[in-house]
Amino acid sequence: MISFILRRLISVAVTFIVVSLIIFFMMHAIPGGPFDANDMPVSEAVRDKLMANLGLDQPLYVQYFRYMWGVLHFDFGVPYQSPGDTVTGLLSRAWVPSLVLGGLGVLIGAPLGILLGMAAALNRNTWIDYLASTVATFGLTIPVFVTSMLLILVFAVWLQWLPASGWGKPERWILPITAYALIPLATYARYTRSAMLDTINRPFVTVLRAKGLSERRIIFQHVLRNSAIPLVTVFLPMFIGTATGSIFVEAMFRVPGLGAYFVSSIETRDYPLEMALMLMITFMYCIAYLLSDIVYALINPRIRVGGGQ
């Protein structure tokens, strides 16, 4: 297991470096820049001075190594749109709303999705199965900004039960978290239904029934455990994906999270902020998949993590 974890850590480090190279050079390959003449009508001398102060007049490989050296020391630079602040300070403040929004969305949506998938699998081809499948399909196919608009229209405009936007008071969290939670709910409902139907039809379940085990024990002790592997595989990446901010949900409900900074950093070509956000998301996805692999191996001891199988 230790050898497996070490190999996976090396893989994470290599992936992180490769992704950082791709992001950095693609970011600078796009025409224009943070001090483009169309966006910032200043003299050539002033522009050159700004570029020199920020090191943007250096060759790209020099800029890359300087930036990554700073990252190794947890220094992600100064955002161009807030020169008096640091990228680390800015993201640490924006992280909280995104983490609350995404974390609660997954923690609420995932268990409900598992229950919905279980109900569908245990009542296959009944109205419960059709209803669960419809809800899951609705959650996966309808874009989240459409769902957000529907929630605002019904609960904020027509019924006037909840505020349409903002952040801070708990009642302002309900609509954005609901819009968020539909994604893990739908995903887990589909995964759980498929995994349980696959497991229920296996020969060992028939043997357990023949031995006289109760249906409850078969489902919760054997079927659900064997169905857990695909659920674990998607849980951590999904949690990271939602916790790092949803651009559309945060924009629709005016949540001051990472999504807002992600959009503004791209629009203003704020290289340090844009780079920090992409690296942070990459790093967290790498760690999430690493943890998923470890949990996967722990759940299923038959997997030879070091034997190439």
Side-chain angles (χ1 to χ4, degrees), residues 1-5 7-8 102-142 144 147 177-178 180-243 285 287-309:
M1 178 61 82
I2 294 175
S3 172
F4 167 73
I5 294 174
R7 287 201 309 272
R8 295 291 292 137
L104 289 178
V106 173
L107 293 178
I108 293 172
L112 291 177
I114 291 174
L115 292 175
L116 199 64
M118 287 177 63
L122 297 176
N123 299 278
R124 189 180 183 186
N125 295 329
T126 65
W127 68 269
I128 297 176
D129 185 16
Y130 299 139
L131 177 64
S133 299
T134 302
V135 172
T137 304
F138 178 81
L140 289 174
T141 55
I142 304 296
V144 69
T147 309
I177 288 175
T178 302
Y180 237 48
L182 285 175
I183 300 172
L185 186 150
T187 305
Y188 265 87
R190 290 187 66 85
Y191 268 96
T192 305
R193 181 183 182 276
S194 301
M196 285 195 68
L197 286 177
D198 180 61
T199 307
I200 285 174
N201 293 323
R202 290 184 182 178
F204 80 90
V205 176
T206 306
V207 172
L208 291 175
R209 286 189 175 125
K211 286 183 176 180
L213 266 68
S214 67
E215 194 68 18
R216 179 189 296 272
R217 188 173 175 184
I218 291 173
I219 295 300
F220 287 96
Q221 191 170 337
H222 298 280
V223 174
L224 197 57
R225 179 176 179 177
N226 282 277
S227 306
I229 291 176
L231 304 181
V232 170
T233 304
V234 298
F235 179 77
L236 284 174
M238 176 178 290
F239 181 80
I240 297 300
T242 53
Y285 268 110
I287 296 300
Y289 279 113
L290 171 65
L291 294 176
S292 295
D293 288 345
I294 294 172
V295 175
Y296 188 99
L298 291 174
I299 290 177
N300 190 350
R302 293 172 299 177
I303 298 174
R304 297 180 183 179
V305 294
Q309 294 186 20

In a table with atom names and distances, give each donor-acceptor pair under 3.5 Å that connects a side chain of residues 129-138 to protein atoms at least two apart or in another chain.
from   : atom 1 : to     : atom 2 : distance (Å)
Asp129 : OD1    : Ser133 : OG     : 3.4
Asp129 : OD1    : Arg193 : NE     : 2.8
Asp129 : OD2    : Asn125 : N      : 2.9
Asp129 : OD2    : Arg193 : NH2    : 3.0
Ser133 : OG     : Asp129 : O      : 2.9
Thr134 : OG1    : Tyr130 : O      : 2.7
Thr137 : OG1    : Ser133 : O      : 2.7

Test side chain to side chain contact (heavy atoms under 4.5 Å, CB included) on Phe204 and Thr199; report intermediate values, then the result.
CA-CA 9 Å; Phe204 80 90; Thr199 307; 3.8 Å; yes
Listed by chain and number, what are the salt bridge (Lys or Arg N to Asp or Glu O under 4.0 Å) partners of Arg209, not counting sequence neighbours?
Glu215
Closest approach of Leu182 and Thr147, non-hydrogen atoms and distance?
CD1-CG2, 3.1 Å
Looking at Asn123 and Ala119, what are the two nearest heavy atoms and their distance?
ND2-O, 2.8 Å
In Å and rounded to the nearest 0.5 Å, what is the OG1 to CD1 distance from Thr178 to Ile108?
7.5 Å
Kindly indicate whether the side chain of Leu116, heavy atoms from C-beta on, has any atom under 4.5 Å from the side chain of Tyr188.
no
Taking all non-hydrogen atoms of both residues, which atom of Ile219 and which atom of Met118 are closest, and how far apart?
CG2-CE, 4.4 Å
Output for pair (Met196 CE, Asn201 CG), nearest 0.5 Å, gives 11.0 Å
For Leu122, run the side-chain contact (heavy atoms from CB on, under 4.5 Å) check against Ile200, Leu197, Ile128 and tell me which one passes.
Ile200
